[in-house]
J.: 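Please see the structure below; I have some questions.
Heads up: numbering here begins at 1 and tracks the sequence. These values consider heavy atoms only, across backbone and side chains, with no hydrogens, waters or symmetry-generated copies. Worth saying up front: this structure is predicted, and the values here are computed from it rather than measured.
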Amino acid sequence: MSVLFALPVTALFTATAGGAPAYAANGHFIYENSVSKTGEMLNPPSGKCIKFPYAVVRVTNATNQKAHLFQDDKCNTTEIAAVAADPGTGRGTAWSKPDGAPAALAVRFDCDLVACS
């Protein structure tokens with residue numbers, strides 16, 4: 001005799017979500033300042049402005065969404081760079097601040113979902 005257990009639909013979605021935040025840019029995003037202090041975000045939220053803890057001059061975007069870098073911490077200024085999503089290599093796409101250009105103080109990841117707009 002077999003026993004079937006019925007799970008609510010929300011439990012099934014929770015079990016398969018993999019721990020990533022809702023509307024996440026899935027993958028790693030690594031950032032670095034001018035004295036090689038590094039930081040990392042895993043599955044950062046998409047569609048929202050994220051302030052860096054310090055001025056950033058190099059990044060590697062190994063997420064599945066394009067990363068937009070800004071010279072202010074509220075993402076109100078014109079973006080200084082758009083770093084492409086990982087092309088499927090697993091190594092990510094790199095960006096380094098050109099000489100004379102401002103450092104990045106915040107990042108916002110693209111979000112393809114209507115819920116992010």
Side-chain angles (χ1 to χ4, degrees):
M1 171 182 201
S2 65
V3 178
L4 295 176
F5 293 99
L7 289 175
V9 173
T10 54
L12 293 174
F13 286 123
T14 304
T16 59
Y23 318 121
N26 295 309
H28 293 270
F29 182 79
I30 301 164
Y31 52 92
E32 186 176 331
N33 71 0
S34 61
V35 292
S36 300
K37 180 176 181 178
T38 61
E40 181 178 9
M41 294 182 225
L42 177 61
N43 302 325
S46 297
K48 93 176 225 187
C49 187
I50 304 166
K51 180 182 175 183
F52 289 123
Y54 41 78
V56 168
V57 298
R58 283 178 290 283
V59 303
T60 300
N61 184 14
T63 72
N64 64 341
Q65 296 293 333
K66 185 185 296 182
H68 302 270
L69 302 176
F70 294 88
Q71 65 183 1
D72 73 315
D73 63 1
K74 297 192 179 19
C75 302
N76 290 330
T77 57
T78 304
E79 72 181 39
I80 57 175
V83 185
D86 180 48
T89 63
R91 293 188 301 270
T93 304
W95 170 83
S96 290
K97 180 186 91 59
D99 289 340
L105 296 180
V107 62
R108 185 178 62 231
F109 294 89
D110 279 351
C111 183
D112 301 334
L113 303 173
V114 174
C116 293
S117 1

J.: Taking it one step at a time, do Val56 and Asn33 satisfy side-chain contact (heavy atoms from CB on, under 4.5 Å)?
T.: CA-CA 5 Å; Val56 168; Asn33 71 0; 5.8 Å; no
J.: Would you find more than 12 non-hydrogen atoms of other residues, nucleotides or ligands less than 6.0 Å from Lys97 atom NZ?
T.: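 Counting other residues, nucleotides and ligands, NZ of Lys97 exceeds 12 neighbours.
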J.: Specify the closest pair of heavy atoms between Cys111 and Tyr23, including all atoms of both residues, with the distance to one decimal.
T.: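 Smallest interatomic distance, heavy atoms only, reads SG-CB, 4.1 Å.
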J.: Does Asp86 reach the main-chain N or O of Gly92 with its side chain, forming a donor-acceptor pair under 3.5 Å?
T.: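 Checking the backbone N and O of Gly92 against the side chain of Asp86, a donor-acceptor pair under 3.5 Å is found.
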J.: State plainly whether one hydrophobic cluster holds both Val107 and Trp95, where clusters connect Ile, Leu, Val, Met, Phe, Trp and Tyr through side-chain heavy atoms under 4.5 angstrom apart.
T.: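 Yes, Val107 and Trp95 fall within the same hydrophobic cluster.
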J.: Counting only N and O atoms by type, is there a donor-acceptor contact under 3.5 Å from the side chain of Tyr31 to the main-chain atoms of Met41?
T.: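 Absent.
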J.: Just say parallel, tilted or perpendicular for the rings of Phe109 and Phe29, cut-offs at 30° and 60°.
T.: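 Phe109 vs Phe29 ring planes: perpendicular.
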J.: Which atom names give the shortest non-hydrogen contact between Pro102 and Gln71, and what distance separates them?
T.: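 Scanning both residues completely, I find the closest heavy atoms to be CG-OE1, 2.8 Å.
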J.: Any sub-3.5 Å donor-acceptor pair from Asn26's side-chain atoms to Asn64's backbone N or O?
T.: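 The answer is no, because no donor-acceptor pair under 3.5 Å joins these two groups.
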J.: So, taking the atom named OG1 in Thr78 and the one named NE2 in His68, what distance separates them when rounded to the nearest 0.5 Å?
T.: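 Thr78 atom OG1 to His68 atom NE2 measures 13.0 Å (nearest 0.5 Å).
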J.: Output yes when a side-chain donor or acceptor of Asp73 lies under 3.5 Å from a complementary backbone atom of Lys51, and no otherwise.
T.: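 Between the backbone of Lys51 and the side chain of Asp73 there is no qualifying donor-acceptor contact (under 3.5 Å).
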J.: Taking the side chain as every heavy atom from C-beta outward, state whether Phe70 and Ile50 have any atom pair closer than 4.5 Å.
T.: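 No, their side chains stay 4.5 Å or more apart.
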J.: Are Leu105 and Val83 connected, step by step, through hydrophobic side chains (Ile, Leu, Val, Met, Phe, Trp, Tyr) whose heavy atoms are closer than 4.5 Å?
T.: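 Unlinked, Leu105 and Val83 end up in two clusters.
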J.: Establish, from distance only, whether the side-chain atoms of Thr93 and Asn61 form a donor-acceptor pair under 3.5 Å.
T.: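 There is no such pair between these side chains.
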J.: Under 3.5 Å, side chain of Ser46 to main-chain N/O of Ala25, donor-acceptor pair present?
T.: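 Yes, the answer is positive, given that a donor and an acceptor are paired below the 3.5 Å cut-off.
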J.: For a 4.5 angstrom cut-off between non-hydrogen side-chain atoms, does Arg58 reach Ser34?
T.: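 Side chain of Arg58 against side chain of Ser34, heavy atoms only: no contact under 4.5 Å found.
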J.: Specify the closest pair of heavy atoms between Ala103 and Val57, including all atoms of both residues, with the distance to one decimal.
T.: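 In this case the closest contact between Ala103 and Val57 is CB-CG1, 4.2 Å.
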J.: Is Glu32 close to Ile30 at the side-chain level, that is, under 4.5 Å between some pair of heavy atoms?
T.: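 Ile30 vs Glu32: side chains apart.
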J.: To the nearest 0.5 Å, tell me how far Thr77 OG1 sits from Asp72 CG.
T.: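 Answer rounded to 0.5 Å: 3.5 Å.
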J.: Considering non-hydrogen atoms only, spot the tightest contact between Glu79 and Ala82 and give its length.
T.: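 Distance-wise, the nearest heavy atoms are OE2-CB, 3.3 Å.
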